[in-house]
K.L.:
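I am attaching a structure below and will ask some questions about it afterwards.
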Amino acid sequence: MKFFTIGLGIGSLVGAAISFLPNAENTGKVKDDVKAWVNDTASDVNTLATSSKSASQSAALLQAELPQAQKTLNSLKTELSNFQTSIKPNLEAIKSEINQTMTTINKVKKL
């Protein structure tokens, strides 16, 4: 335990001394860079927490709305099927008219 305490004390002193040294990349001190890094990290953690909370709320809302969306989709499928069934006779009539028109056009071209 004695050596641990001595090592901790020496490490603390060296760390404190280094924090007051100037940074070679800019005119600030190392402690300023560390402080800025800690502040940026704290800001990033807050942003992540806020985004996570927002994502959780959005997922809960989506889950709550999903049954209604499924009902609406099923209703649309039914309506589309009914529409296709109802227009089928009309489509057959239109196809027949087109065939008759094409036949008439071909006869006129031969004259």
Side-chain angles (χ1 to χ4, degrees):
M1 185 73 172
K2 177 181 174 183
F3 292 112
F4 176 76
T5 306
I6 292 172
L8 182 63
I10 290 173
S12 297
L13 290 174
V14 169
I18 288 174
S19 72
F20 289 105
L21 293 175
N23 186 346
E25 293 179 8
N26 58 32
T27 59
K29 304 237 183 264
V30 173
K31 71 175 184 165
D32 296 331
D33 293 340
V34 171
K35 183 178 179 181
W37 179 81
V38 168
N39 288 338
D40 289 345
T41 302
S43 175
D44 291 344
V45 167
N46 287 336
T47 301
L48 179 62
T50 302
S51 297
S52 176
K53 183 178 178 182
S54 177
S56 294
Q57 290 172 343
S58 296
L61 181 61
L62 176 63
Q63 191 171 9
E65 294 296 325
L66 210 51
Q68 181 59 39
Q70 186 64 45
K71 287 179 185 177
T72 303
L73 182 60
N74 290 339
S75 175
L76 285 172
K77 285 180 182 178
T78 301
E79 291 296 322
L80 179 61
S81 178
N82 292 342
F83 175 72
Q84 288 174 334
T85 302
S86 71
I87 66 165
K88 190 172 185 178
N90 294 334
L91 287 177
E92 294 300 325
I94 291 171
K95 286 179 185 178
S96 176
E97 289 293 327
I98 289 173
N99 286 336
Q100 288 176 0
T101 304
M102 291 304 293
T103 302
T104 304
I105 290 173
N106 287 332
K107 285 181 181 177
V108 170
K109 281 183 180 179
K110 290 180 182 178
L111 293 176

K.L.:
Using side chain to side chain contact (heavy atoms under 4.5 Å, CB included) as the criterion, list what pairs up with Ile98, not counting sequence neighbours.
P.N.:
Ile94, Met102

K.L.:
Would you say the side-chain atoms of Ser81 pair up with the backbone N or O of Lys77, donor to acceptor, closer than 3.5 Å?
P.N.:
no

K.L.:
Identify, with sequence neighbours excluded, every residue that meets side chain to side chain donor-acceptor pair (under 3.5 Å) alongside Gln70.
P.N.:
Asn74

K.L.:
Heavy-atom distance under 4.5 Å between the side chains of Lys110 and Lys107, does that happen here?
P.N.:
no

K.L.:
Looking at residues at least two apart in the chain, or sitting in another chain, which of them share a side chain to side chain contact (heavy atoms under 4.5 Å, CB included) with Leu61?
P.N.:
Glu65

K.L.:
The criterion is side chain to side chain donor-acceptor pair (under 3.5 Å); which residues satisfy it with Asn99, sequence neighbours excluded?
P.N.:
none

K.L.:
What residues join Val45 in its hydrophobic cluster, counting side-chain heavy atom gaps under 4.5 Å, either direct or through other members?
P.N.:
none

K.L.:
Thr101 side chain to Glu97 main-chain N or O, any donor-acceptor pair under 3.5 Å?
P.N.:
yes

K.L.:
Mind checking what makes side chain to side chain contact (heavy atoms under 4.5 Å, CB included) contact with Ile6, not counting sequence neighbours?
P.N.:
Lys2, Ile10

K.L.:
Who else is in Ile87's hydrophobic cluster (ILVMFWY, side-chain heavy atoms under 4.5 Å, direct or via others)?
P.N.:
Phe83, Leu91

K.L.:
Please name all residues satisfying side chain to side chain contact (heavy atoms under 4.5 Å, CB included) with Gln84, sequence neighbours left out, ordered by chain then number.
P.N.:
Leu80

K.L.:
Count the heavy atoms belonging to other residues, nucleotides or ligands that lie under 6.0 Å from CD of Gln100, then report whether that count exceeds 12.
P.N.:
yes

K.L.:
Mind checking the OG-CD spacing from Ser52 to Gln57? Nearest 0.5 Å is all I need.
P.N.:
10.0 Å

K.L.:
Treating Ser58 as the side-chain partner and Ser54 as the backbone partner, does any N or O pair qualify as donor plus acceptor under 3.5 Å?
P.N.:
yes

K.L.:
Which hydrophobic side chains are connected to Phe4, either touching it within the sub-4.5 Å cutoff or through other members that do?
P.N.:
Leu8

K.L.:
Can you tell if the side chain of Thr47 reaches within under 4.5 Å of the side chain of Ser51, non-hydrogen atoms only?
P.N.:
yes

